[in-house]
Amino acid sequence: MMRIKTPRNARVKRELQKLAPKLVETAKKTLILHGTKTSHVLNSLLTEIYHLKKENSVKYSRKNDKVRPFESGGEASLEFFSLKTDCSLFVYGSHSKKRPNNLVLGRTYDHHIYDLVELGIENFKSMQSFSYDKKFAPQMGSKPFFAFIGEAFETVDELKHLKEVLLDLFRGEVITNLNLAGLDRVYVCTALSANKILFSHCAMRLKKSGTSVPKMELIEVGPSMDMVVRRHRNPDDSLRREAMKTPHELIKKKEKNVVKDAVQGKLGKIYMPDQQVGVVPLANKAKGVKRERREAKMKGEGHKHSPKKQKQDINADE
């Protein structure tokens with residue numbers, strides 16, 4: 001029989017409430033791991049990813065021999081670390097002769113592996129290799145732009161999957177309102193072939209344009225690299241349906257006779273009953289009606305009014 005433990009004090013209860021599911025989830029945390037063997041390129045890349053996501057990331061510096069995301073049985077340690085750190089994203093780096101500079105990006109659902117993308121890193125350039133004015137450097141915690149250039153991101157399954165994972169990895173917290181002054185970075189992904197993209201990180205400089213929309217200038221600040229998709233694993237259909245399920249509290253009720261248009265906005269339909277115009281009485285008597293009544297009176301067809309009674313003088317009768 002399964003034994004259920006209850007929290008013994010208020011501090012433990014608060015910590016458990018933080019881990020419990022929420023209607024509106026907070027920003028996803030990222031777990032960064034090293035494999036049995038890593039190269040200098042991967043060490044620099046993992047460190048820079050940690051600096052880009054410093055507010056919502058956890059980095060382990062020790063080597064992990066038992067972590068093998070694509071092999072059966074090699075996911076147990078990774079799922080344990082995900083549960084321990086409450087991270088729903090992970091970045092795993094390893095280096096071997098068969099797969100040099102290997103980077104694995106993945107997502108978890110309920111602390112179980114959801115999907116995986118394995119990448120080969122080529123032509124890596126770190127942040128230190130770019131020279132620019134430091135006052136234009138992106139601020140920590142700012143919201144980024146994303147630019148995906150190329151038709152392959154919409155037609156090739158591997159790049160469509162990679163696009164979803166990159167968006168989840170770098171977008172940060174989901175918000176509803178955004179200040180234009182807080183936009184200071186953009187991630188540019190260019191499809192070079194069916195399985196290779198160019199990933200670059202640029203800072204944005206806003207200039208006056210004479211209109212309400214400022215002119216933007218991009219300054220490359222790094223990191224920059226070529227990503228080659230080696231392997232990828234999509235989630236199971238049953239797991240995807242469970243992960244995409246919307247809570248009943250967040251389902252909006254359908255508004256009757258209301259249609260939303262991207263150009264015209266919110267449009268509504270009003271239904272009115274059939275109006276019998278011939279039977280509706282007129283509010284004000286028109287001149288034509290008065291004329292007809294006068295003509296009928298002259299012909300004797302009008303209503304005959306009784307003569308008014310004259311007032312009698314009581315004193316005179318007495």
Side-chain angles (χ1 to χ4, degrees), residues 27-35 37-61 87 89-95 99-107 116-150 152-153 158-159 161-172 183-193 195-205 216-230 232:
K28 295 182 179 180
K29 294 174 63 178
T30 304
L31 177 63
I32 301 174
L33 298 166
H34 292 259
K37 183 181 179 181
T38 55
S39 62
H40 175 69
V41 171
L42 281 180
N43 290 334
S44 301
L45 176 58
L46 294 177
T47 303
E48 294 191 1
I49 292 176
Y50 173 70
H51 286 301
L52 290 174
K53 294 178 58 64
K54 198 168 187 179
E55 291 183 342
N56 300 307
S57 62
V58 178
K59 186 175 184 294
Y60 285 173
S61 57
C87 294
L89 296 164
F90 66 88
V91 180
Y92 175 76
S94 62
H95 179 74
R99 292 186 177 89
N101 298 327
N102 199 53
L103 189 73
V104 179
L105 309 179
R107 297 180 288 182
L116 298 168
V117 178
E118 187 180 62
L119 305 171
I121 305 302
E122 300 177 357
N123 302 326
F124 174 74
K125 295 180 182 179
S126 63
M127 295 180 181
Q128 288 75 18
S129 61
F130 294 91
S131 59
Y132 58 93
D133 194 349
K134 298 302 179 182
K135 68 179 182 180
F136 299 121
Q139 300 296 321
M140 185 179 298
S142 61
K143 290 291 290 183
F145 271 128
F146 285 91
F148 293 93
I149 304 172
F153 286 109
E158 289 84 353
L159 296 190
H161 190 191
L162 178 60
K163 177 182 176 181
E164 293 180 5
V165 176
L166 290 177
L167 283 173
D168 256 1
L169 181 62
F170 291 106
R171 70 176 178 177
L183 296 172
D184 57 359
R185 68 174 73 192
V186 57
Y187 293 103
V188 182
C189 302
T190 307
L192 303 178
S193 64
N195 66 336
K196 186 176 182 179
I197 70 167
L198 170 62
F199 179 88
S200 59
H201 178 218
C202 301
M204 290 195 310
R205 183 182 177 186
M216 295 184 184
E217 179 182 348
L218 299 183
I219 304 171
E220 193 168 4
V221 297
S224 174
M225 71 201 89
D226 292 340
M227 294 181 173
V228 181
V229 180
R230 290 173 176 169
H232 78 110

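Considering only residues two or more places apart in sequence or on other chains, Glu164 meets the salt bridge (Lys or Arg N to Asp or Glu O under 4.0 Å) condition with Arg107. Residues satisfying the side chain to side chain contact (heavy atoms under 4.5 Å, CB included) test with Ser129, not counting sequence neighbours, are Lys125, Ser126. Glu55 meets the salt bridge (Lys or Arg N to Asp or Glu O under 4.0 Å) test with no other residue; sequence neighbours excluded. Partners of Lys28 under the salt bridge (Lys or Arg N to Asp or Glu O under 4.0 Å) rule, at least two apart in sequence or in another chain, are Asp168. Applying the salt bridge (Lys or Arg N to Asp or Glu O under 4.0 Å) test to Glu118 and every residue at least two apart in sequence or in another chain returns Arg99, Arg231. Applying the side chain to side chain contact (heavy atoms under 4.5 Å, CB included) criterion to Ile49, with sequence neighbours excluded, gives Ile32, Leu45, Val91.
The aromatic rings of Phe148 and Phe153 sit perpendicular, their planes meeting at an angle over 60°, well past the 30° parallel limit.
Across Cys202 and Leu218, no two heavy atoms sit closer than the pair CB-CB, 4.3 Å. Taking both residues in full, the closest heavy atoms of Ser193 and Ala152 are given as O-CB, 4.3 Å, listed atom of the first, atom of the second, then distance. Between Asp184 and Ser142, the closest heavy-atom pair is OD1-OG, 2.7 Å. The minimum heavy-atom distance linking Ile197 with Ala191 is given by the pair CG2-CA, 4.2 Å. The minimum heavy-atom distance between Ala27 and Asn56, with the atom names listed, is CB-ND2, 3.7 Å.
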